[in-house]
Amino acid sequence: MEREVNYKGNIIKYNLERKKVKNINLRIKPDLTVSVSANKRVSQKYIDNFVLSKAEFILKAIESFNNTTPASSPIFTEEEFYSYVNNEFYRVYIIYKKYKIDKPELKFRKMKSRWGSCNYAKGIITLSKNLIYCTEEQITYVIIHEFAHLLVHNHSKDFYDIVSQFSPDYKRIRKEMNRIILR
């Protein structure tokens with residue numbers, strides 16, 4: 001169901017989907033649509049007020065998406081990509097080995113909203129197949145980032161202290177990657 005709210009003269013349209021969820025979930029998609037999911041028991045007025053409370057965030061996110069670049073064509077062939085990632089994964093593991101961690105299992109998956117994930121309990125690092133659209137520097141940063149999660153399980157200062165040891169320019173790299181839209 002399509003709804004809209006007025007925030008300081010800005011009309012914010014959103015698609016509402018009723019689901020069996022505990023919380024109200026808000027997502028801004030790269031095509032600039034705003035999507036909200038909420039439980040059937042939550043009133044329409046409450047949902048509209050929730051969207052209004054997030055209006056600044058929504059407008060900023062839409063502006064940010066307007067300043068991004070859609071991923072056009074892969075930088076690597078598939079063979080080059082997997083070869084580079086496997087070599088870099090091993091190289092980064094050697095660096096992190098001093099922390100006495102076991103070598104994690106490497107998996108690949110198509111991901112729309114993240115570049116990688118780390119299941120530190122199972123010792124698995126999963127990388128997005130969409131990294132094929134990224135530069136070597138960006139791929140290396142993601143691998144370093146996910147390895148750091150084997151040591152620190154959140155995005156605290158301690159976590160970024162570790163990341164910055166191996167990728168001192170990580171803020172710039174992350175900023176560049178945030179401008180890439182994957183569809």
Side-chain angles (χ1 to χ4, degrees), residues 23 25-35 37 54 57-58 60-183:
N23 302 310
N25 299 300
L26 175 101
R27 180 168 280 175
I28 296 106
K29 298 179 179 175
D31 66 1
L32 307 182
T33 59
V34 178
S35 179
S37 57
K54 303 293 182 189
F57 167 78
I58 293 167
K60 194 179 280 188
I62 289 171
E63 181 182 333
S64 176
F65 274 127
N66 281 329
N67 294 328
T68 57
T69 309
S72 53
S73 58
I75 292 177
F76 303 92
T77 65
E78 248 183 78
E79 186 179 323
E80 291 169 336
F81 170 70
Y82 288 114
S83 174
Y84 180 79
V85 170
N86 283 309
N87 290 335
E88 206 52 17
F89 190 83
Y90 182 73
R91 188 186 71 75
V92 172
Y93 168 66
I94 297 301
I95 293 169
Y96 275 87
K97 203 173 178 181
K98 73 179 183 183
Y99 294 105
K100 301 194 181 349
I101 60 167
D102 293 329
K103 186 177 180 195
E105 181 182 349
L106 174 61
K107 293 186 174 184
F108 293 93
R109 197 176 91 209
K110 192 83 167 170
M111 300 178 183
K112 288 184 179 180
S113 61
R114 48 172 67 175
W115 297 109
S117 65
C118 176
N119 184 330
Y120 53 85
K122 292 184 179 179
I124 299 171
I125 290 178
T126 305
L127 299 177
S128 172
K129 291 180 180 182
N130 284 322
L131 284 168
I132 200 166
Y133 295 98
C134 295
T135 65
E136 289 179 357
E137 179 185 52
Q138 293 166 339
I139 293 169
T140 299
Y141 160 70
V142 173
I143 294 170
I144 288 168
H145 180 107
E146 297 310 331
F147 263 93
H149 278 305
L150 295 170
L151 303 171
V152 181
H153 311 315
N154 55 41
H155 289 109
S156 64
K157 182 185 178 320
D158 291 340
F159 172 82
Y160 282 108
D161 286 347
I162 292 168
V163 170
S164 67
Q165 285 179 37
F166 307 113
S167 182
D169 217 7
Y170 78 89
K171 287 181 182 177
R172 175 190 56 81
I173 297 166
R174 198 174 60 198
K175 202 174 196 178
E176 290 170 357
M177 293 181 79
N178 286 339
R179 287 195 284 264
I180 301 170
I181 295 179
L182 301 171
R183 296 187 177 160

_side chain to side chain contact (heavy atoms under 4.5 Å, CB included) assessment of N119 paired with T126_ = CA-CA 8 Å; N119 184 330; T126 305; over 6 Å; no

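- Nearest heavy-atom pair across I144 and V163 is CG2-O, 4.1 Å.
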Validation: residues 83-95 side-chain donor-acceptor distances under 3.5 Å, sequence neighbours left out:
residue: Y84; atom: OH; partner: E136; partner atom: O; Å: 3.3
residue: Y84; atom: OH; partner: T140; partner atom: OG1; Å: 2.7
residue: N86; atom: ND2; partner: Y82; partner atom: O; Å: 2.8
residue: N87; atom: ND2; partner: S83; partner atom: O; Å: 3.2
residue: E88; atom: OE1; partner: R91; partner atom: NE; Å: 3.2
residue: E88; atom: OE2; partner: R91; partner atom: NE; Å: 2.9
residue: E88; atom: OE2; partner: R91; partner atom: NH2; Å: 2.5
residue: E88; atom: OE2; partner: T140; partner atom: OG1; Å: 3.0

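- To the nearest 0.5 Å, atoms OG (S128) and NZ (K110) are separated by 7.0 Å.
- Minimum heavy-atom separation, F159 to A148: CE1-CB, 3.3 Å.
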_As a quick check of understanding, evaluate side chain to side chain contact (heavy atoms under 4.5 Å, CB included) for Y96 and I162, giving each step before the final call._
CA-CA 10 Å; Y96 275 87; I162 292 168; 3.8 Å; yes

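- Residues F108 and L131 have side chains not in contact (no heavy-atom distance under 4.5 Å, counting atoms from C-beta outward).
- Qualifying side chain to side chain donor-acceptor pair (under 3.5 Å) partners for H155, counting only residues two or more places apart in sequence or in other chains: H145, H149.
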*Can I132 and E78 be said to form a side chain to side chain contact (heavy atoms under 4.5 Å, CB included), step by step?*
CA-CA 7 Å; I132 200 166; E78 248 183 78; 4.3 Å; yes

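- In terms of the side-chain contact (heavy atoms from CB on, under 4.5 Å) criterion, K60 has no residue partners (sequence neighbours excluded).
- Every residue two or more places apart in sequence or in another chain that forms a side-chain contact (heavy atoms from CB on, under 4.5 Å) with I75 is listed here: T135.
- Qualifying salt bridge (Lys or Arg N to Asp or Glu O under 4.0 Å) partners for D158, counting only residues two or more places apart in sequence or in other chains: none.
- Residues satisfying the side chain to side chain donor-acceptor pair (under 3.5 Å) test with R172, not counting sequence neighbours, are E137, D169, E176.
- Listed by chain and number, the residues in a side-chain contact (heavy atoms from CB on, under 4.5 Å) with K175 are R179 (sequence neighbours excluded).
- When atom types are taken as modelled, the side chain of N130 and the backbone of M111 share a donor-acceptor pair closer than 3.5 angstrom.
- Here the shortest heavy-atom pairing between S164 and Y170 reads CB-CE2, 3.8 Å.
- A search for side chain to side chain donor-acceptor pair (under 3.5 Å) contacts involving Y120 returns nothing, not counting sequence neighbours.
- Distance check, rounded to the nearest 0.5 Å: CG of L127 to CZ of R114 gives 12.0 Å.
- Residues L150 and C118 come closest through the heavy atom pair CD2-SG, 3.6 Å.
- Residues meeting the salt bridge (Lys or Arg N to Asp or Glu O under 4.0 Å) test with K157, sequence neighbours left out: D161.
- Every residue meeting the side chain to side chain donor-acceptor pair (under 3.5 Å) condition with N154, not counting sequence neighbours, appears here in chain and number order: S156.
- Applying the ring-ring contact (aromatic ring centres under 6.0 Å, His included) criterion to F57, with sequence neighbours excluded, gives no partner residue.
- Taking CG from N178 and CD1 from I173, the interatomic distance works out to 12.0 Å, rounded to the nearest 0.5 Å.
- A 4.5 Å side-chain heavy-atom check between C134 and W115 finds at least one atom pair inside the cut-off.
- Here the shortest heavy-atom pairing between Y141 and R174 reads OH-CD, 3.5 Å.
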*For the pair I125 and I143, evaluate side chain to side chain contact (heavy atoms under 4.5 Å, CB included) and give the outcome as yes or no after the intermediate values.*
CA-CA 8 Å; I125 290 178; I143 294 170; over 6 Å; no

